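Note that the structure is a prediction, hence the values are computed from the model and not measured. Below, each value reflects all heavy atoms present in this structure, side chains not excepted, and no hydrogens, waters or symmetry copies.
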Amino acid sequence: MFFHIQLERNMQLHPRHFGPHLRDKLVAKLMKDVEGTCSGRHGFVVAITGVDDIGKGLIREGTGFVTFPVKYQCVVFRPFKGEILEAVVTMVNKMGFFAEAGPVQIFVSNHLIPDDMEFQSGDVPNYTTSDGSVKIQKECEVRLKIIGTRVDATEIFCIGTIKDDFLGVTSDPGAAA
């Protein structure tokens, strides 16, 4: 799920960047350092939407760097247990498959795939229904439900299922060929 929150970060800036464009340099460094990162507490920072306040800088003794407290608004993505997501399958093996929904990687075990689907090995490993009408393979889109999350300091791992109503393949690139 996406949230719009306010965060604070202390930014260090080298004295060579001081001048009329100090604020622009701080904002550019903030975007470079923060966008695309993950904190276990808030989730993945998708984008910075605005800078609310840049405090007074404190000179770091011995280095000449200055530390500025910066308050900023950002959009974060954090998956929750029970949430339904659309994801793209990245890898299929006999244990299940991995899918990605934005920056989050989700594993769906073969025990959490409907019983009528069986693993087919070969040049393109996949899970196929007995009648061959539905096929889960690399690059296809699936709708899945998050049933568990594990949060580390810099990463979020998820376990998902497609063994529920209205879950499963939403688009199959193999069908178009």
Side-chain angles (χ1 to χ4, degrees), residues 1-93 95-109 112 136-162 167 170-171 173:
M1 191 171 295
F2 293 94
F3 299 97
H4 192 243
I5 61 172
Q6 182 179 39
L7 295 175
E8 189 170 345
R9 182 181 180 98
N10 288 327
M11 300 295 300
Q12 284 194 357
L13 202 60
H14 193 273
R16 72 172 165 251
H17 299 296
F18 296 173
H21 301 292
L22 175 67
R23 181 180 170 82
D24 296 337
K25 297 278 186 185
L26 267 172
V27 171
K29 185 173 180 358
L30 177 71
M31 287 182 169
K32 184 176 146 270
D33 291 353
V34 174
E35 286 183 348
T37 62
C38 175
S39 81
R41 185 173 180 195
H42 302 292
F44 294 93
V45 178
V46 177
I48 293 174
T49 56
V51 176
D52 295 334
D53 182 48
I54 298 176
K56 291 187 177 185
L58 272 155
I59 299 171
R60 309 268 303 166
E61 287 188 34
T63 64
F65 280 83
V66 176
T67 303
F68 293 92
V70 179
K71 289 183 182 172
Y72 59 96
Q73 302 267 334
C74 63
V75 175
V76 295
F77 174 67
R78 171 131 190 199
F80 287 101
K81 185 176 177 179
E83 186 175 355
I84 307 292
L85 292 175
E86 301 269 333
V88 177
V89 176
T90 56
M91 187 177 82
V92 179
N93 60 36
M95 303 301 290
F97 65 86
F98 288 91
E100 288 181 352
V104 176
Q105 190 170 45
I106 304 156
F107 177 69
V108 178
S109 168
L112 300 170
I136 297 173
Q137 62 188 23
K138 188 175 179 178
E139 301 298 318
C140 76
E141 292 179 19
V142 292
R143 181 176 296 127
L144 48 82
K145 180 178 181 179
I146 305 282
I147 59 168
T149 60
R150 189 180 91 214
V151 179
D152 286 350
T154 60
E155 237 176 332
I156 299 174
F157 303 98
C158 295
I159 303 294
T161 182
I162 59 168
L167 302 180
T170 56
S171 79

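Within the 4.5 Å cutoff, no side-chain heavy atoms of Q105 are placed close to those of F107.
Note: K29 NZ to L26 CG = 8.5 Å, rounded to the nearest 0.5 Å. In this structure, the separation between CD1 on I5 and CZ on R78 is 10.0 Å, given to the nearest 0.5 Å.
The backbone N or O of I48 lies less than 3.5 Å from no partner atom in the side chain of Q73, so there is not a single donor-acceptor pair. T161 places no side-chain N or O within donor-acceptor distance of the main-chain N or O of K145, the cut-off being under 3.5 Å. Judged purely by atom type and a 3.5 angstrom limit, T67 has no side-chain atom pairing as donor or acceptor with the backbone of M11. Of the possible polar contacts, one joining the E83 side chain to the F80 backbone as a donor-acceptor pair under 3.5 Å is found. With hydrogens and angles disregarded, a donor-acceptor distance shorter than 3.5 Å links the side chain of T90 to the backbone of F98. A distance-only check finds a donor-acceptor pair linking the side chain of N93 to the backbone of G96 [under 3.5 Å].
Residue pairs meeting the ring-ring contact (aromatic ring centres under 6.0 Å, His included) criterion with at least one member in residues 44-75, sequence neighbours excluded, are H14-F65.
With sequence neighbours left out, F2 forms a ring pair (Phe, Tyr, Trp, His ring centres under 6.0 Å) with F77.
Within a 6.0 Å sphere centred on CD1 of I84, other residues, nucleotides and ligands contribute more than 12 heavy atoms. By the neighbour-count criterion of 12 heavy atoms within 6.0 Å, atom NE2 of H17 is densely surrounded, having more than that number from other residues, nucleotides or ligands. Counting non-hydrogen atoms of other residues, nucleotides and ligands closer than 6.0 Å to CE of M91 gives a total above 12.
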